[in-house]
Amino acid sequence: MSPLTARKLRNFKANRRGFYSAIIFSILFIVTLFAEFIANDKPIILTYNNAVYFPVLKQYPETLFGGDFESEADYRDAYVQDLIKEKGNGWMLWPLIRYNYKTINYDLPKPAPSAPSGENILGTDDQGRDVLARTIYGFRISVLFGLILTIFSSIFGITAGAIQGYFGGKIDLFFQRFIEIWSGLPVLFILIILASLVTPNFWWMLGIMLLFSWTSLVRVVRAEFLKARNYEYVKAAKALGVKEGVIIYRHLLPNAFISVVTFMPFLLTGAITTLTSLDFLGFGLPPGSPSLGELLSQGKTNLEAPWLGITAFLVLATMLSLLIFTGEAVRDTLDPRKI
């Protein structure tokens with residue numbers, strides 16, 4: 001590790017709010033990556049007649065355990081459990097929460113949405129699905145969506161900004177006019193219109209939002225390239241016949257990368273917020289998907305069930321706050337005046 005990198009790392013750790021926010025967010029994200037092993041209506045592992053099975057990873061028909069149907073076994077059914085434990089002399093290791101994001105609890109004491117209880121710690125939604133399980137899965141899909149969108153937006157934005165800033169002239173002029181027009185479009189309304197024309201899914205929503213999110217980094221990268229292309233070492237590289245692609249990638253891009261990294265946590269929060277807004281309005285992920293925006297919508301619709309809105313609000317507020325604090329720490333760490 002170079003002395004400069006070590007100094008940046010010390011500066012990042014010195015910002016305790018941002019440092020601990022990054023740790024907490026990373027722990028939450030890593031935990032939710034294994035949501036199937038935390039919240040699921042299938043056992044993680046079971047034994048039957050001395051054979052070992054992993055229902056959380058593979059589907060097994062009920063007939064495999066002595067049942068009557070060729071369809072996948074319902075492990076929450078008492079009949080299937082008796083087949084495994086009594087006839088098969090087996091056992092099952094269950095996840096901490098015995099509900100998937102789409103599992104419906106048919107044994108509720110009251111009509112759904114039901115209040116928090118020992119069985120459903122955060123209650124159920126208006127379809128009888130466990131709120132805690134849907135929150136875990138919703139957190140994961142929101143962060144993954146935001147990360148993928150941020151990465152691809154950065155790639156396109158950096159490429160466009162580098163071309164504009166390095167070549168300048170008419171390329172920069174026409175590209176800048178195009179970006180000004182493109183950025184002036186009412187993005188949310190266009191997203192709603194496009195999402196209403198097709199059946200939305202994860203990748204379709206990602207592609208639609210990518211059409212408009214890549215412009216956010218162009219100005220930053222363009223400004224860095226416009227400034228750095230006149231440096232002496234760049235002129236010397238051109239005079240020596242170094243290829244333009246090498247100059248852009250090796251000599252100029254590192255200067256712009258600091259600004260890009262500074263903006264990335266805020267791009268991530270914007271992506272998560274936009275997806276939540278679309279889900280709240282009903283134009284986001286397919287119906288039934290674990291979505292924090294859909295949970296917010298249920299909280300608005302079912303005012304008699306305050307746990308729905310409160311849970312979604314607290315999860316979103318915590319997630320976005322952790323990301324913003326982390327982004328502020330990264331920005332201060334990479335500030336040349338503080339290195």
Side-chain angles (χ1 to χ4, degrees), residues 23-108 112 114 116-125 127-148 151 201-206 285-292 294-295 311 315 319:
I23 292 177
I24 295 172
F25 180 82
S26 299
I27 292 174
L28 292 175
F29 178 52
I30 292 173
V31 168
T32 55
L33 285 177
F34 302 94
E36 285 79 7
F37 296 90
I38 301 172
N40 211 324
D41 55 1
K42 304 174 185 178
I44 299 175
I45 183 174
L46 67 82
T47 61
Y48 180 79
N49 288 337
N50 298 322
V52 181
Y53 301 93
F54 300 91
V56 73
L57 300 176
K58 186 178 179 180
Q59 295 183 359
Y60 300 104
E62 185 180 302
T63 53
L64 182 64
F65 307 111
D68 303 319
F69 303 103
E70 293 288 344
S71 58
E72 185 180 8
D74 181 5
Y75 302 97
R76 291 175 52 85
D77 189 352
Y79 172 68
V80 175
Q81 293 183 13
D82 289 339
L83 288 175
I84 295 173
K85 294 179 180 179
E86 302 298 333
K87 294 185 178 181
N89 193 26
W91 53 268
M92 294 183 289
L93 176 63
W94 284 91
L96 187 62
I97 304 168
R98 296 191 180 187
Y99 292 94
N100 191 277
Y101 69 88
K102 56 185 177 182
T103 306
I104 299 176
N105 186 356
Y106 293 101
D107 299 323
L108 294 174
S114 64
S117 62
E119 181 70 15
N120 303 105
I121 298 176
L122 295 180
T124 65
D125 63 7
Q127 298 183 36
R129 300 169 298 191
D130 187 75
V131 172
L132 180 56
R134 290 186 65 79
T135 300
I136 293 173
Y137 283 88
F139 184 98
R140 180 178 67 176
I141 198 171
S142 296
V143 176
L144 285 176
F145 185 92
L147 284 174
I148 296 174
I151 291 172
N201 56 49
F202 182 90
W203 298 106
W204 179 250
M205 291 298 303
L206 186 68
L285 297 174
S289 300
S291 166
L292 299 177
E294 190 258 352
L295 191 61
T311 300
V315 172
M319 180 198 308

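Predicted model only: the values in this text are computed from it and were never measured. Scope of the values below: all heavy atoms of this structure, side chains included, with no hydrogens, waters or symmetry mates.
When side chains are defined from C-beta on, Thr63 does not count as touching Asp68, because their heavy atoms never get closer than 4.5 Å. The shortest distance between side-chain heavy atoms of Leu147 and Phe145 does not fall below 4.5 Å. A heavy-atom distance below 4.5 Å is not found between the side chains of Leu96 and Phe37. Under the 4.5 Å side-chain criterion, counting only non-hydrogen atoms from C-beta, Met92 is in contact with Lys85. The shortest side-chain heavy-atom distance between Ile136 and Ile97 falls under the 4.5 Å cut-off. Here the side chains of Ile24 and Phe29 are not in contact, with every heavy-atom distance at 4.5 Å or above. The closest side-chain heavy-atom distance from Leu292 to Thr311 is not below 4.5 Å. A 4.5 Å side-chain heavy-atom check between Thr124 and Arg129 finds every atom pair outside the cut-off.
Within the model, atoms CG of Leu285 and OG of Ser291 stand 5.5 Å from one another, a figure rounded to the nearest 0.5 Å. Atom-to-atom distance recorded for Ile30:CD1 and Phe25:CZ is 10.0 Å, nearest 0.5 angstrom. Rounded to the nearest 0.5 Å, atoms CD1 (Ile27) and OG1 (Thr32) are 12.0 Å apart.
A side-chain donor-acceptor contact under 3.5 Å links Ser117 to the backbone of Asn120. In terms of modelled atom types and a separation under 3.5 Å, the side chain of Ser142 and the main chain of Gly138 share a donor-acceptor contact. Distance alone, capped at 3.5 Å, is enough to place a donor-acceptor pair between the Asp125 side chain and the Gly128 backbone.
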Show every donor-acceptor pair shorter than 3.5 Å between a side-chain atom in residues 39-57 and any protein atom, with sequence neighbours excluded, or say none if there are none.
{"unit_1": "Asn40", "atom_1": "OD1", "unit_2": "Lys42", "atom_2": "N", "d": "3.4"}
{"unit_1": "Asn40", "atom_1": "ND2", "unit_2": "Glu36", "atom_2": "O", "d": "3.1"}
{"unit_1": "Asp41", "atom_1": "OD2", "unit_2": "Thr103", "atom_2": "OG1", "d": "2.9"}
{"unit_1": "Lys42", "atom_1": "NZ", "unit_2": "Glu72", "atom_2": "OE2", "d": "2.8"}
{"unit_1": "Thr47", "atom_1": "OG1", "unit_2": "Trp91", "atom_2": "N", "d": "3.2"}
{"unit_1": "Thr47", "atom_1": "OG1", "unit_2": "Trp91", "atom_2": "NE1", "d": "3.2"}
{"unit_1": "Tyr48", "atom_1": "OH", "unit_2": "Phe65", "atom_2": "O", "d": "3.2"}

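Across Ile121 and Pro116, no two heavy atoms sit closer than the pair O-CB, 3.0 Å. Contact between Leu144 and Phe202 at its shortest, heavy atoms only, is C-CZ, 4.4 Å.
Within 6.0 Å of CG on Asp82 lie more than 12 heavy atoms contributed by other residues, nucleotides or ligands. Within 6.0 Å of the CH2 atom in Trp204, the count of heavy atoms belonging to other residues, nucleotides or ligands does not exceed 12.
Remark: Arg76 is positioned above the aromatic ring of Tyr99, its terminal NZ or CZ atom under 6.0 angstrom from the ring centre and at most 45 degrees off the axis.
Side chains of Tyr79 and Glu62: a donor-acceptor N/O pair is absent below 3.5 angstrom, by distance only. With no hydrogens or angles considered, no side-chain donor-acceptor pair links Asn105 and Asp130 at under 3.5 Å.
Salt bridge status for Glu294 with Arg134: present, with a side-chain N to carboxylate O gap under 4.0 Å.
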